[in-house]
Amino acid sequence: MKRTNDTVVRKTFRGVLIAQLFSFLAQFVAVVVDGVVIGKCLGADSLAAFGFASTIVSVITALAGFCMTGVSILCARSIGDAQKNSQESVFSSSMVFAAVLSVVLTAAIMGFADTWASLAGAKGGLIPLTANYTRGFGLRIIPAVMVTTLYPIMQLEGDKTRMMVSFTAMSVVDIILDLVNGYVVHGGIFGMGVATSVSSLVAMLILLGHFIGKDTAFRFRLSSFRMAYIPEILVFGYMYLVKQLLITLLTFVYNNFLLSQYGSDMVAAYTAIVSAGSLFLCVGMAMGNTVSVLTGVYAGEEDNTSIQKMMRVAFSDSFLVNGILTVAAIALARPLVSAYFSQSGELLSAVALGFRIYILLMAFRSANLCIRGYYQSMKMQKLTFCFSVLQTFVCPLLAMLLLSRVFGILGVWMSFVVGELLAIVLLGIFAGIRSKGEPDFMNRLLFLPEDFGGEIGETMERSLTSMEQVMEFVHEIPDFCKKQGASDKQANEVALAVEELAGNIIRYGFVDGKNHSIEAKVAKKDSEWILRLRDDCDHFNPVKYMEEHESSLEHVGIRMIAKQAKDIQYMNTLNMNNLIIRV
């Protein structure tokens with residue numbers, strides 16, 4: 001009973017991906033610029049100290065991402081559930097939680113910077129250098145947490161322009177201030193941290209402007225704060241925190257292993273490789289978060305068809321995009337890593353080779369992050385935790401310990417690639433054991449509950465791109481509904497609703513000359529029939545239109561459907577029109 005294409009899902013996925021990419025670039029560009037200017041202006045010791053400080057930065061990033069992930073999934077699921085009235089409470093509660101967390105974290109980091117530097121593994125003269133950068137960067141915590149928390153909300157509302165403006169402004173301000181600090185003011189490594197903090201503050205102020213508008217669904221009111229939402233943020237976000245802390249621990253292990261076995265030059269090399277690589281690897285992180293957000297929306301609707309299509313799009317786009325970026329990164333390896341060092345020589349050649357090996361992990365990590373993002377939004381907590389531990393820590397660490405014995409420093413760089421491959425192989429073996437008899441590898445990985453999306457035969461879905469397809473779908477609906485126990489009246493009402501609403505979308509939304517598609521789904525839930533229409537046309541809210549034009553003779557069909565329906569709700573999220581009718 002399902003004949004659908006992936007046009008809407010693919011367009012939605014790529015739209016969210018662009019916004020997510022800017023979100024992660026906003027986190028990494030500032031740090032990359034800091035690393036480049038530190039290496040050029042302050043030397044290898046300062047770059048090594050910056051590498052140790054990255055462990056501390058990882059803790060900050062973990063908590064900021066913890067907020068972002070928890071908030072984005074919670075808001076996405078509320079939209080998928082059509083819980084429109086809860087959006088203000090979710091947003092207000094999230095902002096209060098983010099503010100309190102960032103203030104506490106700022107006090108903890110800045111008040112004990114030397115202690116954190118020692119715990120990160122810095123030794124001797126590297127301790128004060130690491131602590132100084134930490135103090136300067138600590139000023140960034142409040143705006144950074146707020147920025148990463150606001151990004152997913154704005155993404156759900158489709159304000160990509162402001163997101164891009166904030167990212168651009170942050171990057172430009174940080175570059176300018178870093179260069180001024182390095183070449184004019186000579187504020188040292190502390191000044192580099194302060195420059196990054198100021199740039200994040202600029203980005204935060206730009207983003208806050210979005211929420212002043214009257215049309216935003218997410219508005220802050222302290223009176224709307226609900227403590228009940230905090231546990232949900234913790235449940236959805238804690239896995240990001242675990243993952244980032246594991247990355248922090250792995251960075252700590254690598255830094256100290258390299259320092260003890262090869263000296264501070266290799267710590268600087270590792271810092272340069274990972275820092276330069278982050279600009280490419282953030283594509284995979286953005287894809288993983290895109291999967292997480294969309295899974296939240298689709299899971300709220302129990303839309304298993306869209307979930308399956310989304311994961312296939314995610315994997316195909318992941319290998320295509322990351323394959324191209326891998327080739328580009330390998331070709332540009334030497335100029336990229338040379339930006340971190342003031343002199344050329346054997347060290348630079350060794351770093352360039354290490355970068356070429358390291359960057360081969362891109363496509364595999366991206367696929368793993370997509371899988372993990374899906375598990376997290378589906379509340380598969382045990383599976384998410386086990387896979388995160390394997391992929392983020394255990395597999396690369398085992399690979400490093402084994403390969404470094406055989407290949408030396410090259411084995412260290414190889415361990416990242418081997419670790420990602422090992423993790424996905426182990427997951428594939430587990431999925432094969434758990435899902436015996438399932439011929440489709442994708443479905444084995446998804447582990448969807450048997451009752452997810454309703455029993456077989458209770459849903460009917462189509463991708464509609466023309467009026468002819470709409471009418472064909474409409475003619476099939478009555479027989480389908482009657483077989484599921486619907487009365488003649490219910491079956492005809494559902495068919496009429498599809499004819500009027502889908503036809504209206506085609507007549508008015510398909511006239512701009514672009515390729516559009518409607519995802520239509522008819523489902524039985526208890527004694528109700530639910531019709532969901534999702535399209536990628538220009539914004540049009542039929543519910544609001546009827547409220548504002550009560551006496552108008554236009555759209556008579558929509559008015560008739562609204563009177564017959566038990567409930568009709570509209571939401572525009574992720575730049576998609578979503579209409580849900582209960583008959």
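Both backbone and side-chain heavy atoms feed into the values below; hydrogens, waters and symmetry mates do not.
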So, [X] and [Y]: side-chain donor and acceptor under 3.5 Å apart, yes or no?
{"X": "R372", "Y": "T392", "value": "yes"}
{"X": "N132", "Y": "R135", "value": "yes"}
{"X": "S292", "Y": "S377", "value": "yes"}
{"X": "S89", "Y": "R226", "value": "no"}
{"X": "S318", "Y": "S366", "value": "yes"}

Who pairs with F510 by ring-ring contact (aromatic ring centres under 6.0 Å, His included), at least two apart in sequence or on another chain? H516
Any donor and acceptor pair, going by atom type alone, linking the side chain of [X] with main-chain N or O of [Y] inside 3.5 Å?
{"X": "S92", "Y": "R221", "value": "yes"}
{"X": "Y298", "Y": "M310", "value": "no"}
{"X": "W116", "Y": "A53", "value": "no"}
{"X": "S200", "Y": "T196", "value": "yes"}

List the steps, then state whether side-chain contact (heavy atoms from CB on, under 4.5 Å) holds for V321 with M287. CA-CA 10 Å; V321 174; M287 286 187 166; 4.2 Å; yes
Looking at every heavy atom in both [X] and [Y], which two are closest together, and how far apart are they?
{"X": "V202", "Y": "A169", "result": "CG1-CB, 4.2 Å"}
{"X": "S197", "Y": "P143", "result": "O-CG, 4.3 Å"}
{"X": "N322", "Y": "G284", "result": "OD1-N, 4.3 Å"}
{"X": "A520", "Y": "L464", "result": "CB-CD1, 3.9 Å"}
{"X": "I38", "Y": "I189", "result": "CD1-CG1, 4.0 Å"}
{"X": "C537", "Y": "I505", "result": "SG-CG2, 4.0 Å"}

Less than 6.0 Å separating the ring centroids of Y133 and F50?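 Under 6.0 Å, so yes.
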Can you find a heavy atom in the side chain of [X] that is under 4.5 Å from one in the side chain of [Y]?
{"X": "L139", "Y": "M110", "result": "yes"}
{"X": "I506", "Y": "V470", "result": "yes"}
{"X": "V291", "Y": "Y375", "result": "no"}
{"X": "R462", "Y": "K521", "result": "no"}
{"X": "I581", "Y": "I530", "result": "no"}
{"X": "S306", "Y": "R534", "result": "yes"}
{"X": "L281", "Y": "L361", "result": "yes"}
{"X": "Y183", "Y": "K40", "result": "yes"}

Listed partners of S102 passing side-chain hydrogen bond (donor to acceptor under 3.5 Å, both in side chains), at least two apart: none
Around atom CG of D512, are there more than 12 heavy atoms from other residues, nucleotides or ligands closer than 6.0 Å? yes
Audit row: F137, R140, side-chain contact (heavy atoms from CB on, under 4.5 Å) steps and yes/no: CA-CA 5 Å; F137 192 88; R140 182 181 186 246; 3.2 Å; yes
Is there a side-chain contact (heavy atoms from CB on, under 4.5 Å) between L531 and R582 once you walk through the steps? CA-CA 6 Å; L531 167 62; R582 290 179 170 84; over 6 Å; no
How long is the straight-line distance from [atom2] of [Y] back to [atom1] of [X], given to the nearest 0.5 Å?
{"X": "T326", "Y": "F364", "atom1": "OG1", "atom2": "CZ", "value": "8.5 Å"}
{"X": "R312", "Y": "I307", "atom1": "CZ", "atom2": "CD1", "value": "12.5 Å"}
{"X": "N181", "Y": "M192", "atom1": "CG", "atom2": "CE", "value": "4.5 Å"}
{"X": "S171", "Y": "I176", "atom1": "OG", "atom2": "CD1", "value": "11.0 Å"}
{"X": "D178", "Y": "C41", "atom1": "CG", "atom2": "SG", "value": "9.0 Å"}
{"X": "M170", "Y": "L201", "atom1": "CE", "atom2": "CG", "value": "12.0 Å"}

Under a 4.0 Å threshold between the charged nitrogen and the carboxylate oxygen, would K309 count as salt-bridged to E519? yes
For Q376 and Q381, run side-chain contact (heavy atoms from CB on, under 4.5 Å): C-alpha distance rounded to whole Å, both residues' side-chain angles, the deciding distance at 0.1 Å, then the answer. CA-CA 6 Å; Q376 185 172 353; Q381 304 296 351; 5.6 Å; no
Apply salt bridge (Lys or Arg N to Asp or Glu O under 4.0 Å) to D536 and list each qualifying residue two or more places apart in sequence or on a separate chain. K11
